[in-house]
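Here's the structure we're looking at; comments come further down.
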Amino acid sequence: GISLSNGSFRTAPDDSTGANSRDGSNPGPQARCGSNGSKEESKTSSAEDAPKALPKSILKPWTPKTDAQPEGWQQDSTTTEQQSSWKALLGGLRKGSDITSMLIPAEFIRPESSLERIQDTMQHGRLLEDIARKGTTPVERMKAVVRFHVSGIIRAIFDGKKPYNPVLGETCAWNFDHASPGMSETKMVCEQVSHHPPISAFYLFNKTLGLGLEGYAEICPRFTGNTIVVPFKGERRLQINHLGEVYVMTVANLVYRGLFVGSRGAEWTGTVKIACARTGLRCKLDLKPLGMLGMWGTWHRVEGTLKAQAPSGKKVLVGTISGNWDKVLYYTDSNTPGALPEVLYDFEAAAASSKPKTIQPPQAVLPTDSKVVWRDLSDALGKREMKRANQVKIRIESQQREIAAKHAKDGVACKPRFFAKGRPGSAEALWCPKLGEIEAFASSSMLSV
């Protein structure tokens with residue numbers, strides 16, 4: 001599914017403000033990979049350089065409007081003081097500037113790594129079961145793939161804070177319990193495979209379903225004056241093993257609009273493509289943005305087509321898709337005269353019945369795990385100890401720079417544990433999973449209690 005996974009300014013879960021943190025210190029990934037620290041963080045070198053704490057009135061999060069907009073997550077309100085602080089923070093940036101290059105005070109950081117947000121791919125993960133269902137037609141399978149891919153879109157808001165930039169070699173791993181008789185868990189492993197540019201990779205699989213989904217994305221949030229655009233450059237490949245079908249998918253952009261002027265909110269925009277070479281089916285979804293300053297249009301509108309490639313090479317329309325991804329998407333068969341729209345995807349219904357239980361086995365928490373790498377900083381942020389948070393932040397940055405310098409001096413390149421660049425037998429420079437390494441890790445360390 002589409003995830004805001006990385007680079008997201010998403011509202012953190014209720015327990016992400018320190019509840020999962022542990023005492024003690026940790027320098028981050030050392031054994032395999034090093035990092036110069038993110039660009040936003042590399043300009044500081046001592047505790048004295050840490051940004052001063054901002055007034056508490058500025059630190060209050062945006063609160064959703066609930067009177068005029070029942071779906072408050074899409075329209076946020078803020079105080080004049082908060083707007084002034086963001087204007088001051090962003091005022092030195094030119095349009096098109098990379099947000100990761102900013103020096104971000106601890107007050108504007110959310111205690112979670114953007115790598116951890118890849119798990120949003122599975123927020124309605126039980127929809128994977130429809131893809132592997134036996135006796136389906138190619139069109140039915142494509143519709144199931146579209147349904148699952150769209151189901152990973154999160155309802156995001158802009159709360160004025162950003163997650164941690166993952167350090168090189170940072171990892172996460174989870175199991176997802178489908179709670180279905182005879183169904184094995186879906187397992188997911190994530191790793192930060194590049195720091196400049198920032199690239200995150202993941203692989204999830206379910207042996208009972210015979211499915212595997214791999215993906216990677218380069219995420220460089222950019223400031224455009226009144227919006228922050230988070231593009232996800234990369235692709236995802238879902239394989240149905242028993243059929244030999246591979247579905248190649250792209251991901252839309254996440255846009256935080258109206259930071260200072262116009263309708264404020266988060267929306268996914270752009271074109272999403274899903275194609276299966278074996279069946280010749282292709283789906284194109286256009287996620288429509290609001291008009292200028294939100295003066296026209298509707299939130300989260302989607303229009304799409306499903307086409308098949310005829311023997312002559314001509315593309316033939318099979319069906320159309322329309323609606324809103326946050327409410328209901330409808331599919332209409334173009335080959336049946338007078339066909340009525342059918343529900344393709346219902347967000348609320350999926351949220352109620354298709355959400356698996358997320359489990360992180362203790363053995364899967366490596367020294368490179370996001371919770372370990374950032375636990376001291378998360379603890380400080382959770383306790384609102386901003387001076388200590390800035391000191392911890394500087395310490396992590398310095399340690400990562402030292403590791404990177406040592407690697408450079410020794411002429412040792414970072415080698416991700418779970419992913420490698422390049423696909424065997426292909427000239428494509430993709431980040432692909434090391435299946436043997438991942439399966440061995442899953443067998444030994446991802447066993448749910």
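The chain is numbered in sequence order, starting from 1. Just so it is clear, the model here is predicted, and its values are computed rather than measured.
- Looking only at distances, a side-chain donor or acceptor of Q123 sits under 3.5 Å from a matching main-chain atom of I153.
- Taking 4.5 Å as the limit, some side-chain heavy atom of W174 sits within range of a side-chain heavy atom of E116.
- Listed for the K187 side chain is a donor-acceptor partner under 3.5 Å among the backbone atoms of M446.
- Side chain to side chain, Q360 and D369 meet the donor-acceptor criterion of an N or O pair below 3.5 Å.
- For the salt bridge (Lys or Arg N to Asp or Glu O under 4.0 Å) test, residues two or more places apart in sequence or in another chain that qualify with E385 are R388.
- In this view, S370 and E170 satisfy the side-chain hydrogen bond (donor to acceptor under 3.5 Å, both in side chains) rule, not counting sequence neighbours.
- Residues forming a side-chain hydrogen bond (donor to acceptor under 3.5 Å, both in side chains) with D177 (at least two apart in sequence, or on another chain): none.
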Check the pair F232 / L254 against side-chain contact (heavy atoms from CB on, under 4.5 Å), numbers first and verdict last. CA-CA 8 Å; F232 294 81; L254 180 58; 4.2 Å; yes

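- Between R117 and E112 there is a salt bridge, since at least one side-chain N of the basic residue sits less than 4.0 Å from a carboxylate O of the acidic one.
- At distances below 3.5 Å, at least one donor-acceptor pair connects side-chain atoms of S113 with backbone N or O atoms of L115.
- A heavy-atom distance below 4.5 Å is found between the side chains of L211 and L128.
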In sequence, state the C-alpha distance, the side-chain angles, and the governing distance for M249 and V145, and then conclude on side-chain contact (heavy atoms from CB on, under 4.5 Å). CA-CA 10 Å; M249 305 174 284; V145 171; 3.9 Å; yes

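- By the side-chain hydrogen bond (donor to acceptor under 3.5 Å, both in side chains) test, T136 pairs with R141, sequence neighbours left out.
- Judged by distance alone, with hydrogens and angles left aside, the side-chain atoms of R237 form no donor-acceptor pair with the main-chain N or O of V248 at under 3.5 Å.
- The side-chain hydrogen bond (donor to acceptor under 3.5 Å, both in side chains) analysis of residues 275-284, with sequence neighbours excluded, yields no pairs.
- A salt bridge does not link E267 with K288: none of the charged nitrogens is closer than 4.0 Å to a carboxylate oxygen.
- Residues passing the side-chain hydrogen bond (donor to acceptor under 3.5 Å, both in side chains) test with T208 are S184, sequence neighbours excluded.
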Just list the side-chain donor-acceptor pairs under 3.5 Å for residues 336-355, sequence neighbours left out, or say none.
unit_1: T336; atom_1: OG1; unit_2: D333; atom_2: OD2; d: 2.9
unit_1: E342; atom_1: OE2; unit_2: K143; atom_2: NZ; d: 2.9
unit_1: Y345; atom_1: OH; unit_2: H124; atom_2: ND1; d: 3.1
unit_1: D346; atom_1: OD1; unit_2: E348; atom_2: N; d: 3.1
unit_1: D346; atom_1: OD1; unit_2: A349; atom_2: N; d: 3.1
unit_1: E348; atom_1: OE2; unit_2: R155; atom_2: NH1; d: 3.1
unit_1: E348; atom_1: OE2; unit_2: R155; atom_2: NH2; d: 2.9
unit_1: S353; atom_1: OG; unit_2: A349; atom_2: O; d: 2.9

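- Looking at T271 and D286, their side chains do bring a donor and an acceptor atom within 3.5 Å of each other.
- Side-chain contact between Y216 and V193: absent, with no pair of heavy atoms (C-beta onward) separated by less than 4.5 Å.
- Remark: side-chain polar atoms of W431 are not paired, donor with acceptor, to backbone N or O of F202 under 3.5 angstrom.
- Under a 3.5 Å cut-off, the side chain of E191 and the backbone N or O of R417 do form a donor-acceptor pair.
- With no hydrogens or angles considered, a side-chain donor-acceptor pair links T171 and T368 at under 3.5 Å.
- Side chains of M122 and T358 form no contact here, defined as non-hydrogen atoms less than 4.5 Å apart.
- For the pair S378 (side chain) and R375 (backbone), a donor-acceptor distance under 3.5 Å is absent.
- Residues W374 and Y164 bring their aromatic ring centres within 6.0 Å.
- Salt-bridge check for K383 with D379: passed, with a basic side-chain N closer than 4.0 Å to an acidic carboxylate O.
- With contacts defined as side-chain heavy-atom distances shorter than 4.5 Å, the pair K327/H300 does not qualify.
- Listed by chain and number, the residues in a side-chain contact (heavy atoms from CB on, under 4.5 Å) with S194 are P197, I199 (sequence neighbours excluded).
- Under the ring pair (Phe, Tyr, Trp, His ring centres under 6.0 Å) criterion, Y203 pairs with F205, sequence neighbours left out.
- Counting only heavy atoms from C-beta outward, the side chains of W325 and L285 never approach each other to under 4.5 Å.
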Using the side-chain contact (heavy atoms from CB on, under 4.5 Å) rule, take V272 and H149 through it: C-alpha gap first, then chi angles, then the decisive distance, then the call. CA-CA 10 Å; V272 173; H149 195 39; 3.7 Å; yes

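- In terms of modelled atom types and a separation under 3.5 Å, the side chain of N206 and the main chain of L209 share a donor-acceptor contact.
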Between V246 and L238, is a side-chain contact (heavy atoms from CB on, under 4.5 Å) present by the stated rule, with each step listed? CA-CA 6 Å; V246 177; L238 188 150; over 6 Å; no

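- Side chain of S180 to backbone of M183: no donor-acceptor contact under 3.5 angstrom is found.
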